[in-house]
Structures are given as C-alpha cells and as structure tokens.
Amino acid sequence: MEDPNYHANVYNAYAKNPKKIRVLDSTLREGEQHPGVSFTNKQRIQIAWMLDYFGVDQIEISPIVSGDHKEATKTIIQQGLRADIVSHGRALKEDVDVSLSCDASWCAAYLGVSDIHLRDKLRITRAQAMERAVSTVEYAKSHGLKIRFTVEDGSRAEPKFLLDMCRAISDAGVDRISLPDTVGILRPIGMYNFVKKVRNEIDVPLDAHVHNDIGFALANAFAACDAGVDQIHTTIDGIGERTGIPPLAEVAVALTYLYKSPNDFRLDMLLDLSRLIEDYTSITPYDSKPIVGSSAYKHKAGTHLAAILRNPAAYEPIPPRAVGNRRRIVFGELAGKTGAAYLMSLLGLDDNEEQAKDVALGLKKLRMGDLIELPLDDGMEKRMARTSRKRG
Ligand code: HCA
Ligand code: CU
C-alpha cells in the first residue's frame, strides 16, 4: 500500500542522501540540573547503559559537581560503551585535570562569552576570556584529550567576538564547538542565522545546545541542523535547567522519520527510557507529550475511531509500537455508533446496527465524559475491520 505520508514527505524535502545528525545525550549533566533531579550512581550507570543501547553517539556527564559524580564518570568510562563519554567542566585547567583523572578521552569546557556573562558572572574581560579559552583547549590537547568547547550564551554574544573566539579555539585544535542558545531567546530563523555565521567561517564540527524557555528548543535544534551542525544535545524527556532542552524522543523520531538521518536508534526503547526517568525522578511527562505521553496514541472522537479501526495511519503519523508506545481507544460520550459497535463486539455482544445506535445515544446521554480506555492491538483492529465489512 502507498505510504500515507508520501506527500507530506515531499514537502519535508529531505535530501537524497541525508547526512547523519548525531545525538549527544546530556541527561546525566544538563538533566541533573533540573530542579528536584539527583540520580544515584547506580542510576547514572543504568541510564548510561540504556542510552548506549538506544544508540546515542555521545553521553555527557560532569565529574566536577561532586565526588559522587566523579566516581560515576570513572565507572561509566570503564564500561567501554560504544558512545563517547564526554566529561563536562568549566574552561579551567583544574577541570580538565578532573577529566584526566577519570581517564576520559573526551572532555567539554564551557565559558560564557556574552557581555553579561563576562561582566556579571565571570568578571573578566573579553581578552581574558579569549586567553582562558585558548589555554584550556591547548592544555586538553597537550594531554591527549579530545575537547568540545562551548561558547556559553553564544546567541547573545557580540558576533565579531564570538567569531574571533571560535577562530582562536579552532586554531588551538578544538575538536568540536557547541553553539548554545543558553537562555532560549532565538526563534528558528535566528538559530539558523547564528549557526550559519559560524559555519561559514569555521571548519570545526558543530553541536547545537538549545534551551526551551519560550518553547522553541526542538524547532531551533533542527534549524541549527539545516544551517550545518551535525550534533544535537538532548536529555530524556527534555529535563534540564529551567524548561530544559530538546527531548531525546522527539529528536530521535524526527531525525529518523522527518530527516531520514541514518542513525541506528532502537526507537522502541523510547517509552522505557521515559519511564526510567519517571521512576528515578518522579517527574511524569505531561499526558499530551509527543511520542511518550499517555495521550500520544489515544483516539477518542467517533469519526477518528471509525477511521483508525480501518487504518490506524489515518490518525497516526508513526505506529505506536515503533516508539514503544501503545494505541488506546477512549470510549465515552464522543464514541458514536462505530465506537459503540466496537465496544459491544469487545464485550461479546451481538453488534447489530440499531443496538449500536442505542448504546451510542446512551453514552452521550450519560454525560460523564470518558468512561473507559482500552488498548487496541493490531489483532483487534483486524477483527473490527472484519466485523464492519460483514455489516457492509
Ligand atoms: C551550563 C550551560 C550550558 C552549556 C551547554 C554546553 C548552556 O553549563 O549549564 O556545554 O554545550 O546551556 O549553555 O548548558
Ligand atoms: Cu544548557
């Protein structure tokens, strides 16, 4: 059967040979900066294993936060996972030393480069910042580390200084540069322009690290890809400082289905990953959250029910099983005749048309909103399709 998303995908205009966009997951660093989140070391190790098995390219953790975090970083590095373990710290030699003492092969260093960060947080001049950045990169490189440098608050930095900084660390041998919209102030075209400005001048692989303060994080991450970054930062369920960063589930699904990026993700783990974080943090994703939310695959209105019973793709962009979720149907006052007939068939009642109408009317008259929710698996759909064909 023809792909129901075919025309939409023409609008999406993905490339003939799409390039791979990598994922760095920062649940263990940015995620732990979310209010109320603090993992145990066992949980940190479990999360790292799960992320690795899922298929992210890099896993970020900060050993400088506490002795505990340092132990976790060391242990995770010792696991020999496929993903790179990126040891995150400030742009200071002492933090690079902590990464070295964890036996890291990748480190990340961040330094505020906007005037407000330089003046009111770091209390250093632009020249001092430049010196600090370059010497940190040189120090890491001379000790055999790969280093990603984050020009923190880069979206609010003076553009010429930002470029000078990127050029200087690039000359010092930096391996990647993270371009962050630290306070989530850009709109998608703004992110595109920000990345493009750096991309045009600097020949170093770029990361996008974007915050969701105004709700644009996911869109901005992909605008950054369009402008030339090849790695997006995520966390499971998007947890992070304040309103967080792009969620792994949405990023992985969009990369796979909307960008056709050749990643090797086990997308059917996405619900499990979200549940893992829910267990470890007691933060429940809101019900309409894409992909992993409890309503993401529920169908309610009678007309929708009627359609999905014949072909779920009518109201589902991606099959729920593909992302580890499950289709559910909601019966209540909006169920309609088809919904009522289906409910009756599930209960083993004879589904004649008149009775179905009565039940539908009864449900409507009850005025009690939703009454029951039922999982709907593929076998049940087929059964329904057969019954509805029988009835004509
Ligand atoms: C922070 C700031 C940061 C760094 C991002 C990065 C940001 O350290 O909390 O290292 O890529 O949002 O700028 O998260
Ligand atoms: Cu951040």
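Start at 1 and go down the list; that is how both ligands and their atoms are numbered.
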Minimum heavy-atom distance P262-P18, with the two atoms named: CD-O, 3.6 Å

Carboxylate-amine/guanidinium proximity below 4.0 Å for K300 and D370: yes

Quick check on ligand 1: any N or O pairs to the protein under 3.5 Å? One line per pair.
| residue | atom | partner | partner atom | Å |
| --- | --- | --- | --- | --- |
| ligand 1 | 8 (O) | R29 | NH1 | 3.4 |
| ligand 1 | 9 (O) | R29 | NH1 | 3.2 |
| ligand 1 | 9 (O) | Q33 | NE2 | 3.2 |
| ligand 1 | 10 (O) | H88 | NE2 | 2.8 |
| ligand 1 | 10 (O) | R148 | NH2 | 2.8 |
| ligand 1 | 10 (O) | T150 | OG1 | 2.8 |
| ligand 1 | 11 (O) | R148 | NH2 | 3.1 |
| ligand 1 | 11 (O) | T150 | OG1 | 3.1 |
| ligand 1 | 11 (O) | S178 | OG | 2.7 |
| ligand 1 | 12 (O) | H209 | NE2 | 3.1 |
| ligand 1 | 12 (O) | H211 | NE2 | 3.0 |
| ligand 1 | 13 (O) | T182 | OG1 | 2.7 |
| ligand 1 | 14 (O) | R29 | NH1 | 3.2 |
| ligand 1 | 14 (O) | R29 | NH2 | 3.1 |
| ligand 1 | 14 (O) | E30 | OE1 | 2.9 |
| ligand 1 | 14 (O) | H209 | NE2 | 3.1 |

Please list, chain by chain and in numerical order, all residues satisfying ring-ring contact (aromatic ring centres under 6.0 Å, His included) with F194, sequence neighbours excluded. none

Y297 to I291 - nearest heavy-atom pair and separation: CE1-O, 4.0 Å

Please identify each residue that fulfils ring-ring contact (aromatic ring centres under 6.0 Å, His included) with H233, with sequence neighbours left out. H209

Just checking, any donor-acceptor pair under 3.5 angstrom between side chains of Q33 and R29? yes

Looking at A217 and V210, what are the two nearest heavy atoms and their distance? O-CG2, 3.3 Å

If the threshold is 4.0 Å, N to carboxylate O, is there a salt bridge linking R44 and E32? yes

Please indicate how many protein N/O/S atoms are found closer than 2.8 Å to the Cu ion (ligand 2), with waters neither displayed nor included. 3

Relative to each other, are the rings of F39 and Y280 parallel, tilted or perpendicular (30° and 60° limits)? perpendicular

